[in-house]
Protein chains: 2
Amino acid sequence: MTTRTAEQRRTEERTVYDAFMAACPTRQVMATVGGKWAGLLVNALAAGPRRHGELRAVIAGVSQKMLTQTLRELERDGLVERTVTPQVPVRVDYELTPLGRTLVPVLRALKDWSETHIEEILDARSRFDAAPPG
Amino acid sequence: MTTRTAEQRRTEERTVYDAFMAACPTRQVMATVGGKWAGLLVNALAAGPRRHGELRAVIAGVSQKMLTQTLRELERDGLVERTVTPQVPVRVDYELTPLGRTLVPVLRALKDWSETHIEEILDARSRFDAAPPG
DNA sequence: CGGTATCCCGGTGGATACTG
DNA sequence: CAGTATCCACCGGGATACCG
């Protein structure tokens with residue numbers, strides 16, 4: 001039988017979708033920016049260049065592993081530039097690239113929306129969680 | 001000795017940070033909206049009410065588990081309203097709430113930024129990945 | 001048709017220790 | 001000070017099967 005089963009068709013559709021999703025610009029951006037620390041980092045760097053250690057202090061709570069990792073991702077995407085000054089001990093500065101700076105307003109819009117509506121959301125959650133179980 | 005060790009201090013700081021992060025509106029919003037499907041879902045619902053099955057078709061690739069799960073989260077946050085019409089078989093419609101609709105422009109801004117700059121990002125990645133290993 | 005319940009895998013991200 | 005290397009716990013999310 002040449003007819004595909006429902007399973008086969010779904011798997012096929014999913015493959016197609018995967019390709020589509022992988023190409024989706026928004027998802028690709030979210031993969032980097034949607035991370036736990038990326039947003040905070042871009043925000044912190046919006047004020048100007050910062051050293052690794054300064055960021056650790058400002059972001060408070062981030063492990064140096066995640067800090068380095070997130071900075072690498074942002075650097076890879078061309079949002080942040082890493083500058084090494086060879087001295088002892090070595091000095092490393094991070095700053096937003098022009099591309100990175102164009103992202104700041106977008107993130108701030110998201111932040112503004114969040115701060116404006118967080119109460120409504122929290123209220124909605126309370127109501128939802130208190131909803132009759134039947 | 002009443003003096004705290006460095007470990008203790010760091011753990012303490014992290015606890016404080018945790019409380020702070022947990023309260024951060026942006027992070028709370030991202031927890032819901034940053035999900036793999038939430039954005040696409042809000043976008044799909046921006047055009048009007050849709051049934052569960054319709055969404056499965058439109059979003060193409062989402063499992064019904066994730067669809068239901070994501071819709072629940074959005075409903076819990078008051079962004080989506082779920083309407084059950086008791087008939088056989090039962091009919092369920094989803095639509096954006098007024099609050100949910102205010103999120104649409106913000107998401108679109110993010111989408112626009114992504115589509116505008118995705119090429120630059122992709123280029124940056126290529127350059128970064130091709131960078132001299134030394 | 002819409003939803004729930006399980007099981008399971010992989011990625012994210014935290015702790016810790018070590019290098020230059 | 002900045003970064004790398006492990007190890008590991010947790011959770012998002014996919015597959016599958018079953019309910020109303």
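Numbered from 1 within each chain, the chains take letters A, B, ... in sequence-line order. Quantities reported herein were computed from a predicted structural model and do not represent experimental measurements.
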Fill in the blank from the handout: Joining Ile, Leu, Val, Met, Phe, Trp and Tyr whenever any side-chain heavy atoms lie under 4.5 Å apart, the cluster holding B:V88 also takes in none
When the side chains of residues 38-55 of chain A are checked against the rest of the protein, which donor-acceptor pairs come out under 3.5 Å, sequence neighbours left out?
unit_1: A:E54; atom_1: OE1; unit_2: A:R51; atom_2: N; d: 2.7

Spacing between [X] atom [atom1] and [N] atom [atom2], to the nearest angstrom:
X: B:M30; N: C:dT12; atom1: CE; atom2: C1'; answer: 14 Å
X: A:R91; N: D:dG3; atom1: CZ; atom2: C1'; answer: 17 Å
X: A:L71; N: D:dA2; atom1: CG; atom2: P; answer: 11 Å

What's touching nucleotides 18-20 of chain C from the protein side, N or O pairs under 3.5 Å?
none

Fill in the blank from the handout: dist B:M30:CE -> A:K36:NZ (nearest 0.5 Å) comes out at 13.0 Å
Practice task
With sequence neighbours excluded, give me every side chain to side chain donor-acceptor pair (under 3.5 Å) pair touching residues 58-77 of chain B.
Solution key: A:R125-B:D77, A:D129-B:R76, B:T32-B:D77
Handout entry: All pairs passing side chain to side chain donor-acceptor pair (under 3.5 Å) where residues 78-94 of chain A contributes a residue, at least two apart
Key = A:R82-A:Y94, A:R91-A:D93
Every protein N/O within reach of nucleotides 10-13 of chain D N/O, cut-off under 3.5 Å:
unit_1: D:dG13; atom_1: OP1; unit_2: B:K36; atom_2: N; d: 3.3
unit_1: D:dG13; atom_1: N7; unit_2: B:K65; atom_2: NZ; d: 3.2

Handout entry: Contacts of B:L99 that satisfy side chain to side chain contact (heavy atoms under 4.5 Å, CB included) - sequence neighbours left out
Key = A:W113, A:H117, A:E120, A:I121, B:L79, B:T97, B:T102
Handout entry: Relative orientation of the end axes in the helix from C:dC1-D:dG20 to C:dG20-D:dC1, expressed as an angle to the nearest 10° (five pairs per end)
Key = 40°
Practice task
Could you identify which residues of residues 41-54 of chain B place a heavy atom less than 4.0 Å from some atom of DNA chain C, listed by residue number, or say none?
Solution key: B:R51, B:H52, B:G53
Problem - salt bridge (charged side-chain N to carboxylate O under 4.0 Å, His left out): pairs with one or both residues in residues 107-116 of chain A, sequence neighbours excluded - result: none
